[in-house]
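Below is one structure, written out as structure tokens; the observations come after it.
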Amino acid sequence: MTVSPIPLRWLDDAPPARLGGGATWGIPLPRGAVSSAGQLGLREVGGDAVPAQFWPLATWPDGSVKWAGCAVGAVEAPAQYEAVVDAAPPASTGSVVVRDEPDELIVSNGVVDLVFARPERGPVDALVRRVVRDGRTVAEDVRLVSLLQQEIPEDGGASPRQHYRSRIRAVVVEQRGPVRAVVRVEGVHRAEDGSREWLPFTVRLVLVDGSAEVRLVHSVVWDGDAQHDFLAGLGLRADVPLRAALHDRHVRLAGADGGFFAEAVRGLTGLRRDPGAEVRAAQIRGEATPPTAQWNPQVSQRLELIPAWGDVTLTQLSADGFGIRKRTAPGHAWIDAGAGTRAEGYLAISDPAGGLGVGVRSFWQSHPGQLDLRGATGERAELTAWMYAPEARPMDVRFYHDGLGQDDFATQLEGLEITYEDYEPGFGDAHGVARTHELTLFAYAATPAIEDVAASVDAVQRPPLLQPTPEHLHAVGVFGDWAPVDRSTPARAEIEDSVDFLLDYYLGQIDQRRWYGFWNYGDVMHAYDLDRHVWRYDVGGYAWDNSELSPDLWLWYSYLRSGRADVFRLAEAMTRHTGEVDVYHVGRWQGLGSRHNVQHWGCSAKQLRISSPIYRRIFHYLTADERVGDLLTELRDSDTRFLDTDPTRKVRTDAATYRPDRAALAVGLGTDWGALAATWLADWERTGDERSRDRLLGTMADIGALPHGFLTGEALYDIDAGRFDTTRDRIAVSHLSAVFGLVEVASELISLVDVPGFRDAWLEYCRLYLASPQEQLDAVGQELTGIHLEQAHSRLTAYAAAATGDDEIADAAWQAFEGIGEWLVHRRDFVLRRIDGPGVLNPVDEAPSVGTNDVAQYGLAAIQNLALVGHRLPQ
């Protein structure tokens, strides 16, 4: 099969001025077209081949490559690129190599060497033993550090803190070049006195061809006791050798809006006596000053009388303010040195012989953050990028109320009626949730020009990214039913405008409402309080959304069809959040997610519908992100959670049928099986795992064999066999079944594999859900109850219309979307008011009475209806 060149685009529509840290992304390939990632190449559009690295991310059922990961190294003048099949290779393939020494592992790219110690040889506390630039060590003992308090005094007083640092358990090379190398480091935080270990972590370090930058993806799991463990600091620390005189040592801190704090350890400007214009200019530029013999002797002979500032700190304790202060040495007062709104999360210490910088992505958005420089007057400075600031109030993840007497299911269901909170004692536990941060280390041969630093900081916060075009993604046929944006008719344009309006609204709400913070960034709120003019942040299940009704999918499908960079970054932040914070990675509920709540982990509904890979896999394939790959893999056996956690235990009327001791597990064919199917599909296509394949195809066949297919609602699952009992004969429909990814995964599966009966079962469900009572009665002998979210379910009707070619059903889909729709047809009905007056904290745009979940489902229905039955859209 001949494959045309695959067009690529820069996420922000234009190549960056310089690609200092390279780029990594994914591309989909037509089924049956490419048997090996080695067939792929990269070239400039209409130009020469470019050194690049390719590897398989997923395969089609026939074994051909479905998704390939791609990487390019540092490029001085990036261009427009395209991927090609069976093209001539470039003259050079890259310089990244990995050397396995007896006691060390060394990763090199011709510019930087990363030296790792081997934990199998003895105790190792450092992520990286040395960072070497051009043969000179610029950083040593790169490690993780943390602080633990055992109590938070109610009077706000101080409490003793224990110091912890990383203890490495494993160092694994995942990629060895020639363009990109990846090293995974796993470990825990260990008390300095050896008394305790906690906070397991995974750090990936990525080094690409020709780059002086090292990308780090740091993921930590909170596995403490909420009543007694209060994290008081979490950071990355490194020692930086310094060789130059104090006046040639330079500190750089990124402030807000491109501004920088750029000073020397010992300043030579603003003095009573002038060292000379050339001396001052060199120091300001970050260059070595002329020899002191060339200075004004009134300064050079009094250098020791000019204070040297050895310690500098920047704190970002909220999304709206940072402060910088410095001091000469411990035991002396701190002096305020600067302040602003939103710092960009960068700190460096360097001299003309080299140095180290660190950047933290989404620094102010993930507050509280802190950047520390200590000992800059000595032979080694200590640089720390705090992902949780020691100067903030210690992290408190205790449940937010005492249970309110809800000690049995009956009382808990009453609580659900009033606050929409599904409470159960002991279930609002954060033990097992996680958090991922992205950082970049900069290995400097000398102090860089401030213009270069500014470009680097911008790339940390908004990494340049290559992407397949919406047209190519659609042509290959990945991710089911969607199509690129089309405004070719007035009716289409009006719906497209409504979709854009809602996207823009939520992008704006994140900043207006300050939906930021260590645990919060990436999520949105569920519903609005029209009386207080705030989102219902303190009302049970109406607070944080936690993927309720799939806002993740709404954002990703919106990006797939539009290519909008702002939508991509919102979806990316949500994927990072919902896959880490809203899901348990160790402990009692490992593999399950938590329903929406005041606290992300607060709800007692621990279910697969939240942890489902359907919300993560799009990001994984578009970016080749290894951490999200971990999240997909760790769910492989999530079906076993039905053995100990019945998702409908509080309302189950047929408890006798749920027999974990006999592996007769009642699994819902909507939210539960949809999540399992997404899990098994992702695992099968990524790893070839036969267990996942067999359970996916087997349960699909079983659903097709049930007397009423998906209309059965729930089937008994034999976990040992991975199959459903096909004799269950009943009808039960839930309005939630198809709004947590079932629509998307069912459509994709039908296009991938031909499993007898499955397509017919899905079509019947799609056709009957919004059919007339008489049609339902004629088809299955009874009317369906529990029919809600009609506008959202119009896409099921649209699917049935597209599959059958029936224009009457297509018209019914648009009628359901526009006529039966519960709250919104087009943006003119989404009324906003500017609220600014007594009782309102800040001027805000009042939200409508609908919730985020309704907005997400409207967006998905609009997108899928346009793709499936757009030809029947009323004019």
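Since we're looking at a predicted model, the values are computed, not measured. Below, all heavy atoms of this structure are taken into account, side chains as well, without hydrogens, waters or symmetry copies.
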Handout entry: side chain to side chain contact (heavy atoms under 4.5 Å, CB included) evaluation trace for S737 with F710
Key = CA-CA 9 Å; S737 291; F710 279 98; over 6 Å; no
Practice task
Give a yes or no on whether the backbone of F724 and the side-chain of D702 come within a donor-acceptor separation of less than 3.5 Å.
Solution key: yes
Handout entry: H596 side chain to G541 backbone, donor-acceptor under 3.5 Å
Key = yes
Problem - Backbone of L416 reached by a side-chain donor or acceptor of E414 within 3.5 Å - result: no
Handout entry: Parallel, tilted or perpendicular: ring planes of Y769 versus H793, cut at 30 and 60 degrees
Key = parallel
Handout entry: W601: which of W519, F399, F427 passes ring-ring contact (aromatic ring centres under 6.0 Å, His included)
Key = W519
Practice task
Using the six-membered ring wherever Trp is involved, compare the ring planes of W544 and W515 and label them parallel, tilted or perpendicular (cut-offs 30° and 60°).
Solution key: perpendicular
Fill in the blank from the handout: Rounding to 0.5 Å, atoms CG (L144) and CE (M387) come to a distance of 6.0 Å
Problem - Carboxylate-amine/guanidinium proximity below 4.0 Å for E748 and R617 - result: yes
Exercise for the section: Mind telling me whether Y505 and W535 have parallel, tilted or perpendicular rings, with 30° and 60° as the class edges? Expected result: tilted
Exercise for the section: Mind listing the closest non-hydrogen atom pair of A389 and L317 along with its distance? Expected result: CB-CD2, 4.0 Å
Problem - side chain to side chain contact (heavy atoms under 4.5 Å, CB included) between Y621 and R686, worked out - result: CA-CA 10 Å; Y621 290 140; R686 290 181 61 244; 3.2 Å; yes
Practice task
For W556 and T575, test the side chains for any donor-to-acceptor distance below 3.5 angstrom and give the result as yes or no.
Solution key: yes
Practice task
Would you check if L643 and I719 make a side-chain contact, meaning some heavy-atom pair closer than 4.5 Å?
Solution key: yes
Practice task
For D429 and K606, run salt bridge (Lys or Arg N to Asp or Glu O under 4.0 Å): C-alpha distance rounded to whole Å, both residues' side-chain angles, the deciding distance at 0.1 Å, then the answer.
Solution key: CA-CA 11 Å; D429 189 356; K606 310 300 186 185; over 6 Å; no
Practice task
Considering only NZ, NE, NH1 and NH2 on the basic side and carboxylate oxygens on the acidic side, decide whether R435 and E580 come within less than 4.0 Å.
Solution key: no
Problem - Side-chain (H189) to main-chain (S166) donor-acceptor, under 3.5 angstrom - result: no
Practice task
Look at the side chain of Q512 and the backbone N and O of D845, then say whether any donor-acceptor pair between them is shorter than 3.5 Å.
Solution key: yes
Fill in the blank from the handout: CD1 (I618) and OH (Y557) are apart, to the nearest 0.5 Å, by 4.5 Å
Exercise for the section: Identify the heavy atoms of A571 and L555 that sit nearest to each other, and give their distance. Expected result: CB-CB, 3.8 Å
Problem - Within-4.5 Å side-chain heavy-atom neighbours: F479 and L553 - result: no
Exercise for the section: Would you please say whether a donor-acceptor pair under 3.5 Å links the side chains of R728 and T712? Expected result: no
Problem - Reported OG1-to-CG distance for the pair T436 and L631, which is rounded to 0.5 angstrom - result: 7.0 Å
Problem - T699 vs L676, side chain to side chain contact (heavy atoms under 4.5 Å, CB included): CA-CA, chis, key distance, verdict - result: CA-CA 10 Å; T699 53; L676 288 173; over 6 Å; no
Practice task
Could you tell me how the ring of Y516 sits relative to the ring of Y521: parallel (under 30°), tilted (30 to 60°) or perpendicular (over 60°)?
Solution key: tilted
Practice task
Determine yes or no for a side-chain-to-main-chain donor-acceptor pair under 3.5 angstrom, with E438 supplying the side chain and H218 the backbone.
Solution key: no
Exercise for the section: Quick one: do Y400 and D538 satisfy side chain to side chain contact (heavy atoms under 4.5 Å, CB included)? Show the steps, please. Expected result: CA-CA 10 Å; Y400 77 100; D538 60 347; over 6 Å; no
Exercise for the section: Measure the spacing between CG of D223 and CG of D229 and express it to the nearest 0.5 Å. Expected result: 8.5 Å
Practice task
May I ask you to test the V628-R576 pair for a side-chain heavy-atom distance under 4.5 Å?
Solution key: yes
Exercise for the section: Work out which heavy atom in S612 is nearest to a heavy atom in A678; give both atom names and the distance. Expected result: OG-CB, 3.7 Å
Practice task
Determine whether R691 and D683 make a side-chain contact, defined as any pair of heavy atoms from C-beta on separated by less than 4.5 Å.
Solution key: no
Exercise for the section: Give a yes-or-no answer on whether the side chains of R204 and S219 include a donor-acceptor pair shorter than 3.5 Å. Expected result: no
Practice task
Answer yes or no: is there a side-chain heavy-atom contact under 4.5 Å between L608 and L592?
Solution key: yes
Handout entry: Any donor-acceptor pair under 3.5 Å from T411 side chain to D407 backbone
Key = no
Practice task
Please examine the side chains of L549 and F740, heavy atoms only from C-beta on, and report whether any two atoms are closer than 4.5 Å.
Solution key: yes
Exercise for the section: Check whether any side-chain heavy atom of V739 lies under 4.5 Å from a side-chain heavy atom of R795, and answer yes or no. Expected result: yes
Exercise for the section: Give, for atom CZ of R693 and atom CH2 of W680, the distance between the pair rounded to the nearest 0.5 Å. Expected result: 13.5 Å
Exercise for the section: Mark yes or no for whether E417, through its side chain, and Q412, through its backbone, hold a donor-acceptor pair below 3.5 Å. Expected result: no
Exercise for the section: Work out which heavy atom in K650 is nearest to a heavy atom in L413; give both atom names and the distance. Expected result: O-CD1, 3.6 Å
Practice task
Can you label the angle between the W554 ring and the Y506 ring as parallel, tilted or perpendicular, going by 30° and 60°?
Solution key: perpendicular
Handout entry: salt_bridge(R398, D396) N-O dist < 4.0 Å
Key = yes
Exercise for the section: Report the C-alpha separation of R641 and T645 in whole Å, then their side-chain angles, then the decisive distance to 0.1 Å, and conclude whether the side chain to side chain donor-acceptor pair (under 3.5 Å) test is met. Expected result: CA-CA 6 Å; R641 301 330 312 260; T645 307; 4.8 Å; no
Handout entry: Full working for salt bridge (Lys or Arg N to Asp or Glu O under 4.0 Å) between R595 and D422
Key = CA-CA 8 Å; R595 172 185 170 272; D422 196 347; 5.2 Å; no
Problem - Distance-minimising heavy-atom pair for Q461 and V360 - result: NE2-O, 2.9 Å
Handout entry: Donor-acceptor contact present, side-chain N853 to main-chain E548, <3.5 Å
Key = no
Handout entry: Polar contact flag, side-chain donor to acceptor under 3.5 angstrom, Q590-E634
Key = no
Problem - Partner set under ring pair (Phe, Tyr, Trp, His ring centres under 6.0 Å) for Y542, not counting sequence neighbours - result: Y420, H526
Fill in the blank from the handout: Rounding to 0.5 Å, atoms CG (L796) and CD (Q864) come to a distance of 9.0 Å
Exercise for the section: For the pair H735 and H788, name the ring-plane relationship: parallel under 30°, tilted 30 to 60°, perpendicular over 60°. Expected result: perpendicular
Exercise for the section: Please confirm whether the backbone N or O of V743 pairs with a side-chain atom of S747, one donor and one acceptor, at under 3.5 Å? Expected result: no
Handout entry: Carboxylate-amine/guanidinium proximity below 4.0 Å for R184 and D630
Key = no
Problem - Centroid-centroid distance, H437 to F518, less than 6.0 Å - result: yes
Handout entry: Side-chain heavy-atom pair H533, Y528 within 4.5 angstrom cut-off
Key = yes
Problem - Nearest heavy atoms of T578 and D552, plus distance in Å - result: OG1-OD2, 3.1 Å
Exercise for the section: For E421 and H401, test the side chains for any donor-to-acceptor distance below 3.5 angstrom and give the result as yes or no. Expected result: yes
